[in-house]
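Everything below concerns the one structure shown next.
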Protein chains: 2
Amino acid sequence: MTDGALREPTFLILTALAARPQHGYGILLDVEEISEGRVKLRAGTLYTALDRLSADGWVAVDREQVVDGRLRRYYRLTDEGAARLEIEVQRLRSQTRAAERRLRLRPAGGTA
Amino acid sequence: MTDGALREPTFLILTALAARPQHGYGILLDVEEISEGRVKLRAGTLYTALDRLSADGWVAVDREQVVDGRLRRYYRLTDEGAARLEIEVQRLRSQTRAAERRLRLRPAGGTA
DNA sequence: CGGTATATACCGATCATCGGAGCATTGCAA
DNA sequence: TTGCAATGCTCCGATGATCGGTATATACCG
């Protein structure tokens, strides 16, 4: 659980759920917004990830609604999931700091 | 080249090379240090990644030495590789900020 | 004499993600 | 009224970075 790095889609899905529960399609749109349009999740990626994250106990089904004959399944971040996301944020912070520090040390105008 | 997210090992390899050229085994040790002991690269991962990054033009062979009858192949980060790493750092910064913002909005004591 | 450190190479397995197709409903535009 | 986009979930094969392990070789330590 404190294991390896999360992949970008997984990280963004957890982030999308951090503030409030959302249903699949809502997560899809939110991830696109969070990533400033860079990441457009495939439906398969999203629902597969949601199943996996549920099995891991990081997200859970919050409730289900039917709106206009279409099912909406809402997911929420569990406390465990929030803890995992916080660990991930720490890891990313520390590693981006290391990368910046080293980039600054880089001798300018290296031979490409 | 401005594409998807880098995986953690790839990011750390580029970071290890950001300040100065290093040979494979040196990168292996450096990555472990940068990641505070969390990431111990498999030899296969490292050399495969180095080949791939060379093909992408992000790293290049700097020089080769023979020390104690053992080959040392030094790699350096190219300007293109440094630019890619900087983009990655920006991306990570923006996404960690988003995650932190949302975690702060999270209603405390949610049902686990 | 055996194990650990140094150093690189190669190989099959794993698994998250990609890229698509499929199904069903609503609403808008041609 | 036909067609296409948006909404919403499901399933499937392909891809590719990483993992885990093996191999090879030298040097040094106990």
Side-chain angles (χ1 to χ4, degrees), chain A residues 1 3-17 21-33 35 38-56 58-59 61-75 81 84 88 95, chain B residues 1 3-17 21-33 35 38-56 58-59 61-75 81 84 88 95:
Chain A
M1 167 204 131
D3 249 342
L6 302 178
R7 307 283 210 85
E8 186 177 37
T10 299
F11 178 82
L12 292 170
I13 290 167
L14 295 181
T15 297
L17 292 175
Q22 297 205 72
H23 64 283
Y25 191 74
I27 297 173
L28 221 57
L29 301 180
D30 202 14
V31 162
E32 193 172 340
E33 205 194 303
S35 67
R38 278 186 317 91
V39 180
K40 295 179 214 291
L41 250 35
R42 308 288 135 188
T45 303
L46 174 68
Y47 294 106
T48 304
L50 250 11
D51 286 347
R52 175 172 38 91
L53 295 173
S54 295
D56 289 343
W58 296 351
V59 307
V61 174
D62 194 60
R63 64 189 188 279
E64 293 183 346
Q65 300 182 345
V66 176
V67 179
D68 289 331
R70 282 188 230 100
L71 175 68
R72 279 187 181 176
R73 182 144 46 226
Y74 282 80
Y75 290 86
R84 181 62 185 83
E88 189 68 7
Q95 285 183 187
Chain B
M1 168 204 132
D3 249 340
L6 303 178
R7 309 283 210 86
E8 186 176 38
T10 300
F11 178 83
L12 292 171
I13 289 167
L14 295 181
T15 297
L17 293 175
Q22 297 205 71
H23 64 282
Y25 190 75
I27 297 174
L28 220 58
L29 301 180
D30 202 14
V31 162
E32 193 172 340
E33 203 193 306
S35 67
R38 277 186 318 91
V39 180
K40 294 179 214 289
L41 251 34
R42 309 287 134 188
T45 302
L46 174 68
Y47 294 106
T48 303
L50 251 11
D51 287 345
R52 175 173 38 91
L53 296 172
S54 295
D56 290 344
W58 295 351
V59 307
V61 174
D62 194 61
R63 66 188 187 278
E64 293 184 345
Q65 299 182 346
V66 176
V67 179
D68 288 331
R70 281 187 231 104
L71 175 68
R72 278 188 183 176
R73 183 143 46 226
Y74 282 79
Y75 291 87
R84 180 61 185 86
E88 188 68 6
Q95 286 183 186

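Letters A, B, ... are given to chains in the order of the sequence lines, protein chains preceding strands, and every chain is numbered from 1. Please read all numbers here as calculations on a predicted model, not as lab measurements.
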Check: Do any side-chain nitrogens or oxygens of R52(A) fall under 4.0 Å of OP1 or OP2 in dT17(C)?
Finding: yes

Margin query: On DNA chain C, compare the nucleotides closest to F11(A) and G26(B); which residue's is nearer the 5' end?
Written below: G26(B)

Next item on the list: Would you mind reading off the distance between Y25(A) atom OH and dT26(C) atom P, rounded to a whole angstrom?
Entry: 16 Å

Notebook entry, point to check: Could you give the distance from CD1 (I27(B)) to CD (E32(B)), rounded to the nearest 0.5 Å?
Noted result: 14.0 Å

Next item on the list: Test side-chain contact (heavy atoms from CB on, under 4.5 Å) on L41(B) and I13(B) and set out the steps.
Entry: CA-CA 9 Å; L41(B) 251 34; I13(B) 289 167; 3.8 Å; yes

Next item on the list: Between G44(A) and I13(A), just flag the one whose closest nucleotide in DNA chain C comes earlier from the 5' side.
Entry: I13(A)

Check: Is there a donor-acceptor pair under 3.5 Å between the side chain of E88(B) and the backbone N or O of F11(B)?
Finding: no

Next item on the list: Take the protein atom CG of L6(B) and the nucleotide atom P of dT17(C), then report the distance between them rounded to whole Å.
Entry: 15 Å

Next item on the list: Would you kindly compare A43(B) and A49(B) by the position of their nearest DNA chain D nucleotide and give the one closer to the 5′ end?
Entry: A49(B)

Margin query: Need two values: the first and the last nucleotide of DNA chain D, 5' to 3', having an atom under 4.0 Å from any heavy-atom of chain A.
Written below: dA6(D) to dC11(D)

Notebook entry, point to check: What is the distance, rounded to the nearest whole Å, between atom CG of D51(B) and atom P of dC11(C)?
Noted result: 13 Å

Item checked: Sugar-phosphate only, base, or nothing, as touched by G24(B) at under 4.0 Å among non-hydrogen atoms -> sugar-phosphate

Check: R42(A) near the nucleic acid: base, sugar-phosphate alone, or nothing, with a heavy-atom cut-off under 4.0 Å?
Finding: base

